[in-house]
Amino acid sequence: MTMDHLHGRPVIIGGGIAGLMTALHLAPEPVVLISKASLGDETSSTLAQGGIAASLGSDDCPDLHLADTLAAGDGLGDEMAVRRVVEAAPQAIEHLARLGVAFDQALDGTWLRGLEAAHSRRRIVHAGGDATGRELIRALVAAVRRTPSISVLEGVEVRSLFVEDGEIAGVLAVGEGDAMTLSTGRVVLATGGIGSLFHHTTNPLGSFGQGLALAARADAELADLEFVQFHPTALDGPRRPMPLVSEAVRGEGAVLVDEHGRRFLADTPAGELAPRDVVARGVWHQLGAGHRVFLDARQCLGPRFAERFPAIALLCHEAGIDPAREPIPVRPAAHYHMGGVAVDTEGRSSLRGLWACGEVARTGLHGANRLASNSLVEAVTSASWVAASVAAASPSAHKRLKPAIVPPRPDASRIRPIASHALGIERDGQTLRAAAMMLAPIAASRDAASDPALVALMITVAALRRKESRGSHFRTDFPSRDTQPRSLRLTFDGAFEASAALSNLLPARIA
């Protein structure tokens with residue numbers, strides 16, 4: 001094990017848009033950016049298709065974007081947090097363009113804007129038609145590599161955080177088989193989501209919530225973990241992660257039909273452009289009834305499909321489907337986690353010296369159900385506020401870290417059957433309790449499955465405690481909504497100990 005003192009430099013964990021933008025905003029302060037793959041690879045950011053939501057049209061304004069976001073959040077959105085993001089969104093687009101992001105433009109030079117579900121205006125700025133994430137990553141990785149103050153560690157995975165006297169003291173990481181401890185009093189989690197806890201997911205297979213496990217084992221506060229968004233239209237097939245068929249396709253007029261061509265959402269308010277939880281449940285019920293589900297773009301796009309959505313067209317052709325001539329088979333897939341590390345407006349967690357940015361953070365923007373294309377804009381805008389807070393924090397005194405046992409490389413394969421069965425689009429108390437009984441001893445074992453099990457257990461705990469249906473969280477045994485919406489916050493203290501009684505399996509303080 002090698003030990004390095006970073007001389008006050010902060011550490012950013014994650015090579016997606018949130019981590020890259022935070023590092024760029026911190027320049028010229030020296031920082032260390034840690035990515036478990038090559039910079040920008042194996043991130044959900046790279047796979048993002050639709051675009052970034054911002055009120056740029058003459059018929060649009062931040063107040064409309066605010067209203068749409070709060071409506072989608074189903075009563076749990078933090079209005080102050082939402083307003084801050086939507087008001088900063090147009091300037092964030094300008095900043096990205098200055099960094100070299102090539103957004104799609106009309107002939108007059110204005111940015112093209114798409115429509116997605118639950119948006120009242122066309123406000124989705126995109127790049128490469130449906131390759132927005134790839135273009136953002138390309139530009140931001142190039143900007144990071146030409147910024148001398150950013151030291152990049154690639155192929156390095158952070159396995160645990162050091163905490164001393166109630167504050168961050170460093171990180172324990174592994175790269176190329178060697179363990180290293182990096183002494184620092186400032187750490188930013190930008191580790192993405194939890195989708196690979198599920199069989200059907202659009203997330204990279206390493207995205208099981210490692211940042212949440214790191215934060216939980218360090219005793220940081222977590223919030224709204226029960227809210228997992230399932231995208232209604234992933235391309236149904238064996239490929240993992242599942243290719244996403246962007247909501248923007250439905251924004252252009254594509255409809256959902258069964259194998260008989262019946263449009264089963266025709267009587268649903270807003271139809272295919274209803275909030276994602278509504279559409280996902282509609283598709284789920286069709287599949288549960290033995291039907292197949294297809295997204296039909298033949299009438300609205302037809303031969304123009306490949307021009308508007310070149311990446312999706314290529315994915316379809318690789319699966320033997322011509323979207324201009326035949327409907328696309330789809331099914332819901334775990335896509336985004338609204339919950340995460342509880343942070344304030346500057347991205348600070350409850351643990352001194354620990355910040356979170358992007359999907360791993362719970363800022364209050366998304367509430368119980370994320371509005372389409374609000375994830376990228378959250379990562380981009382929040383990164384500037386997190387960076388300012390990190391820069392303003394005084395580096396803590398150097399602490400000599402003690403050698404530690406290196407946790408094994410996490411593996412979520414044992415957890416996927418449990419999470420997929422208990423934590424899907426529809427849930428019930430009996431199944432959740434059974435899942436908690438199975439997950440607790442695995443989480444306590446500290447083997448390769450323990451961190452994924454801990455994340456799944458925390459989500460299960462939250463889902464058990466929320467005895468209502470709201471947004472993406474639907475309990476068949478509690479199908480109605482409470483009149484008073486509330487956020488659930490969890491803190492797991494120290495080592496996790498399992499016992500036979502369910503009440504003892506949940507060592508969490510609920511605020």
Is the shortest side-chain heavy-atom distance between [X] and [Y] below 4.5 Å?
X      : Y      : answer
Leu64  : Arg123 : yes
Trp284 : Phe230 : no
Met242 : Arg331 : yes
Leu136 : Ile52  : yes
Phe227 : Arg466 : yes
Ser246 : Glu116 : yes
Glu221 : Ser349 : no
Pro204 : Ser196 : no

How close do [X] and [Y] get, heavy atom to heavy atom, and via which atoms?
X      : Y      : value
Leu212 : Val341 : CD2-N, 3.7 Å
Leu189 : Ala215 : CD1-CB, 4.0 Å
Gly251 : Arg122 : O-NH1, 4.4 Å
Asn203 : Gly195 : OD1-N, 3.0 Å
Ser373 : Gly51  : OG-O, 3.2 Å
Gly166 : Leu351 : O-CD1, 3.4 Å

Given 3.5 Å as the limit, does a donor-acceptor pair link the side chain of [X] with the main chain of [Y], or not?
X      : Y      : result
Arg308 : Gly129 : yes
Ser469 : Phe478 : yes
Asp482 : Gln484 : no
Ser420 : Arg416 : yes
Arg362 : Ala223 : no
His119 : Ala372 : yes
Asp68  : Ser120 : yes
Ser45  : Gly16  : no
Arg475 : Ala463 : yes
Thr46  : Gly40  : yes

Distance check, rounded to the nearest 0.5 Å: [X] atom [atom1] versus [Y] atom [atom2]?
X      : Y      : atom1 : atom2 : value
Leu153 : Leu39  : CG    : CG    : 10.5 Å
Met338 : Asn374 : CE    : CG    : 12.0 Å
Ile194 : Leu423 : CD1   : CG    : 8.0 Å
Ile12  : Thr191 : CD1   : OG1   : 12.5 Å
Ser350 : Leu222 : OG    : CG    : 7.5 Å
Arg281 : Ile425 : CZ    : CD1   : 8.5 Å

Exercise answer: donor-acceptor pairs, residues 352-361 side-chain atoms, under 3.5 Å, sequence neighbours excluded:
unit_1	atom_1	unit_2	atom_2	d
Arg352	NE	Glu167	OE1	3.0
Trp355	NE1	Ser389	OG	2.8
Glu359	OE2	His337	N	2.8

For [X], which of [options] qualifies under side chain to side chain contact (heavy atoms under 4.5 Å, CB included)?
X      : options                        : result
Val249 : Leu244, Thr233, Ile312, Asp130 : Ile312
Arg9   : Pro30, Ser183, Ser149          : Pro30
Val101 : Leu96, Ile137, Thr132          : Leu96

Any side-chain donor-acceptor pair under 3.5 Å between [X] and [Y]?
X      : Y      : value
Ser160 : Arg217 : no
Thr476 : Asp428 : no
Thr202 : His335 : yes
His126 : Asp104 : yes
Gln229 : Asp277 : no

*asked:* If you count every heavy atom of other residues, nucleotides or ligands that lies below 6.0 Å from Arg138 atom CZ, does the total exceed 12?
replied: yes

*Within a radius of less than 6.0 Å around CD of Glu135, do more than 12 heavy atoms belonging to other residues, nucleotides or ligands occur?*
yes

SB check [X] [Y] (cutoff 4.0 Å):
X      : Y      : answer
Arg113 : Asp60  : no
Asp477 : Arg427 : no
Lys467 : Glu226 : no

*Between Leu140 and Leu99, does a side chain to side chain contact (heavy atoms under 4.5 Å, CB included) hold up when you go through it step by step?*
CA-CA 7 Å; Leu140 297 181; Leu99 287 172; 3.7 Å; yes

_From CA spacing to verdict: side-chain hydrogen bond (donor to acceptor under 3.5 Å, both in side chains), Asp224, Ser487_ = CA-CA 6 Å; Asp224 292 346; Ser487 180; 2.7 Å; yes

*Determine, stepwise, if the pair Val188 / Leu26 fulfils side chain to side chain contact (heavy atoms under 4.5 Å, CB included).*
CA-CA 12 Å; Val188 179; Leu26 273 164; 5.6 Å; no

*Would Val85 and Thr69 satisfy side chain to side chain contact (heavy atoms under 4.5 Å, CB included), going step by step from the backbone distance to the final call?*
CA-CA 10 Å; Val85 170; Thr69 300; over 6 Å; no

*asked:* So that I know where these two stand, are His366 and Tyr336 an aromatic pair - ring centroids less than 6.0 Å apart?
replied: yes

*What pairs meet the ring-ring contact (aromatic ring centres under 6.0 Å, His included) rule with one or both residues in residues 60-87, with sequence neighbours excluded?*
none

*Could you walk me through whether Thr43 and Ile17 pass the side chain to side chain contact (heavy atoms under 4.5 Å, CB included) check?*
CA-CA 9 Å; Thr43 67; Ile17 287 172; over 6 Å; no

*Check each of Glu79, Glu346, Glu378 against Arg84 using the salt bridge (charged side-chain N to carboxylate O under 4.0 Å, His left out) test, and report the only one that passes.*
Glu346

